[in-house]
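Take a look at the structure below.
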There are 4 protein chains.
Amino acid sequence: MLNRVILIGRLTKDPELRYTPQGVAVTQFTLAVDRSFSGNREEREADFIPIVTWRQLAETCANYLRKGRLAAVEGRIQVRNYENNEGRRVYVTEVIADNVRFLESANRESGGQARDESFGGAPSASGGSGYSGGNRSSGSRNSGSNDPFADDGRPIDISDDDLPF
Amino acid sequence: MLNRVILIGRLTKDPELRYTPQGVAVTQFTLAVDRSFSGNREEREADFIPIVTWRQLAETCANYLRKGRLAAVEGRIQVRNYENNEGRRVYVTEVIADNVRFLESANRESGGQARDESFGGAPSASGGSGYSGGNRSSGSRNSGSNDPFADDGRPIDISDDDLPF
Amino acid sequence: MLNRVILIGRLTKDPELRYTPQGVAVTQFTLAVDRSFSGNREEREADFIPIVTWRQLAETCANYLRKGRLAAVEGRIQVRNYENNEGRRVYVTEVIADNVRFLESANRESGGQARDESFGGAPSASGGSGYSGGNRSSGSRNSGSNDPFADDGRPIDISDDDLPF
Amino acid sequence: MLNRVILIGRLTKDPELRYTPQGVAVTQFTLAVDRSFSGNREEREADFIPIVTWRQLAETCANYLRKGRLAAVEGRIQVRNYENNEGRRVYVTEVIADNVRFLESANRESGGQARDESFGGAPSASGGSGYSGGNRSSGSRNSGSNDPFADDGRPIDISDDDLPF
DNA sequence: TTTT
DNA sequence: TTTT
């Protein structure tokens with residue numbers, strides 16, 4: 001009926017951009033969202049929440065987000081399940097994002113080969129259920145150099161069937 | 001930093017009320033949240049999202065919610081993990097609710113031995129991070145008749161350490 | 001940057017469907033959202049929040065919502081301002097909805113000339129920023145009988161410029 | 001029933017901290033929330049949304065927020081009304097915040113006499129409906145030096161009756 | 001393992 | 001398996 005999530009946290013790693021066999025871009029990353037128990041516990045705690053973005057938004061996230069960056073994510077909870085290689089059903093809970101805001105970078109000098117984006121002019125990164133468009137299987141600027149299905153031993157367990165729209 | 005979820009859906013079963021060894025009430029149930037892909041897919045799809053409530057809110061949910069009922073849940077995503085009996089780390093994602101609204105009943109004649117609540121006068125069911133009060137380890141009206149730790153083969157994998165406040 | 005609102009409440013009146021000069025459907029209604037101060041105050045209090053929906057969603061709301069009905073509304077806060085007839089600037093705050101869920105009816109026998117919708121089969125009512133389509137200026141079933149610009153003394157203070165997409 | 005708002009935007013001015021006659025802290029500020037119409041409109045547009053915080057959270061906001069800063073605000077919409085000096089009823093819509101997150105500062109060199117807070121160690125700023133505590137009418141550290149009711153020609157139109165808890 |  |  002209604003399923004809405006809003007998170008603010010930091011990426012635990014660089015995002016991973018892949019493509020489905022049909023050429024649809026998918027980016028996955030994990031957001032570390034600090035809990036806020038009035039600071040009274042000694043250890044800092046966080047929830048590590050897996051985020052999935054599709055299509056245009058996937059490519060924008062892959063281009064602009066990096067490990068440690070602060071981001072706001074809006075989306076919905078999705079629970080999918082599959083049978084693993086031992087014949088057991090595994091449940092995976094993810095947030096399918098339809099809106100991602102790039103907040104300021106984690107560290108001004110995190111630079112290195114970082115891109116030269118200015119966040120005053122950061123692109124609007126919003127997709128989602130009403131996404132209508134464009135070049136879904138277009139050869140993205142990323143598609144040539146890195147084969148999204150080659151960089152990982154595990155079989156990709158996301159398919160077009162998981163497309164939320 | 002910020003972690004907020006709002007869901008509307010129906011309970012797949014009656015809620016399960018238990019108590020931690022310290023006598024803190026915990027209620028768990030699963031919410032079936034229909035996806036809304038413009039109705040164009042033949043099969044109706046839903047996400048089945050596990051909800052956890054604590055203390056006063058747990059008892060109110062156990063008293064007022066039943067299988068099939070429509071409810072709105074507000075809370076936050078929590079990811080916990082534990083080692084299972086095969087030594088493997090298992091990740092569990094749940095929504096820790098701090099506000100539950102009982103929307104109208106699923107079925108006017110679902111009656112039977114159902115309680116006689118009138119939803120016009122349904123209790124306000126809100127708890128959460130600021131909850132300060134009351135009889136947490138009081139013998140609840142449910143505690144005598146059913147031992148929350150006896151009705152289940154599996155060891156309970158929730159403890160006071162999971163208390164969100 | 002990010003602007004999200006979720007409300008559950010009841011309509012204070014039947015919704016009002018109008019059309020802009022360009023033929024775009026707009027529906028306005030007010031949602032009474034009960035506050036929940038632990039029920040300790042004697043008088044029941046509520047916030048009365050103006051909702052605006054556009055296009056397809058506007059027509060669905062006009063068809064399915066009625067005074068007293070419970071609804072969930074998802075959208076964003078918009079603050080517009082205009083100069084009134086005394087030359088004073090007036091600020092208007094509204095929620096522009098992109099998703100409306102029809103929860104159960106307020107009263108099973110509120111019937112009368114009410115439409116015969118069954119909420120098990122209630123239409124999915126979601127529009128919003130990605131809405132791309134359809135018969136926007138199609139002669140709606142409501143357009144013949146009531147002129148949306150004639151039933152009100154005040155000049156309509158909404159125009160296509162207010163279109164959120 | 002349910003009333004939840006989440007916003008990310010920048011303060012249009014420094015926040016204003018005042019005290020009710022009973023000594024309860026109230027801070028008001030306006031958040032400029034950029035709209036995101038795919039960047040296709042030439043002029044940048046924003047909604048200017050009034051925020052109100054109470055008690056501890058009010059004091060934290062007054063101490064840590066400044067004009068131009070980026071903040072995330074979680075709360076609920078409140079519509080109050082009063083009769084103005086011309087005997088006309090005026091409606092005021094505000095977001096009553098119960099959680100405010102200080103995102104990175106607007107400008108590293110916006111410094112000036114700005115406080116020396118480090119945002120790595122920024123205080124957790126969350127209050128709200130469950131707030132149970134403490135020194136509500138205590139003479140706050142701010143109360144001596146500036147009379148919150150003297151710095152403004154207009155009568156203060158907020159009172160303890162507006163207290164959301 | 002799922003609700004209407 | 002985690003971020004600041």
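As the structure is a prediction and not an experimental result, all values here were calculated from the model. Reminder, nothing fancy here: chain letters follow the sequence lines and each chain counts from 1.
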Report yes or no: does C:R4 contribute a side-chain atom to a donor-acceptor pair with the main-chain N or O of D:I6 at less than 3.5 Å? no
Would you mind reading off the distance between B:E16 atom CD and E:dT1 atom C1', rounded to a whole angstrom? 12 Å
Residues which pass side chain to side chain contact (heavy atoms under 4.5 Å, CB included) with B:P50, listed by chain and number, not counting sequence neighbours: B:E94
d(CG, B:L7; P, E:dT4) in whole Å: 18 Å
Spacing of B:K13 atom NZ relative to E:dT1 atom P, expressed in whole Å: 11 Å
How many whole angstroms separate atom CG of B:L70 from atom P of E:dT2? 20 Å
Spacing of B:L31 atom CG relative to E:dT1 atom P, expressed in whole Å: 19 Å
Testing E:dT2, F:dT3, E:dT4 for proximity to the side chain of A:F48, the answer is F:dT3
B:D34, nearest nucleotide to its side chain (from E:dT3, F:dT2, E:dT1): E:dT3
Take the protein atom CD1 of B:I49 and the nucleotide atom P of E:dT2, then report the distance between them rounded to whole Å. 16 Å
Per atom distances to the A:R10 side chain, the nearest of F:dT2, F:dT4, E:dT3 is F:dT4
Measure from CZ on A:R80 to C1' on E:dT2 and round the result to the nearest Å. 19 Å
Rounded distance (Å) that lies between atom P of F:dT2 and atom CG of A:L65: 21 Å
Using a 6.0 Å cut-off, check whether atom CZ of A:R89 has over 12 heavy atoms from anything other than its own residue. yes
Among the nucleotides F:dT4, F:dT2, F:dT1, which one has an atom lying closest to any side-chain atom of B:R89? F:dT1
Taken in chain and number order and not counting sequence neighbours, the residues that satisfy side chain to side chain contact (heavy atoms under 4.5 Å, CB included) with A:D34 are A:R44, A:A46
Please pick, from E:dT3, F:dT2, F:dT3, the nucleotide with the shortest atom-to-atom distance to any side-chain atom of B:T12. E:dT3
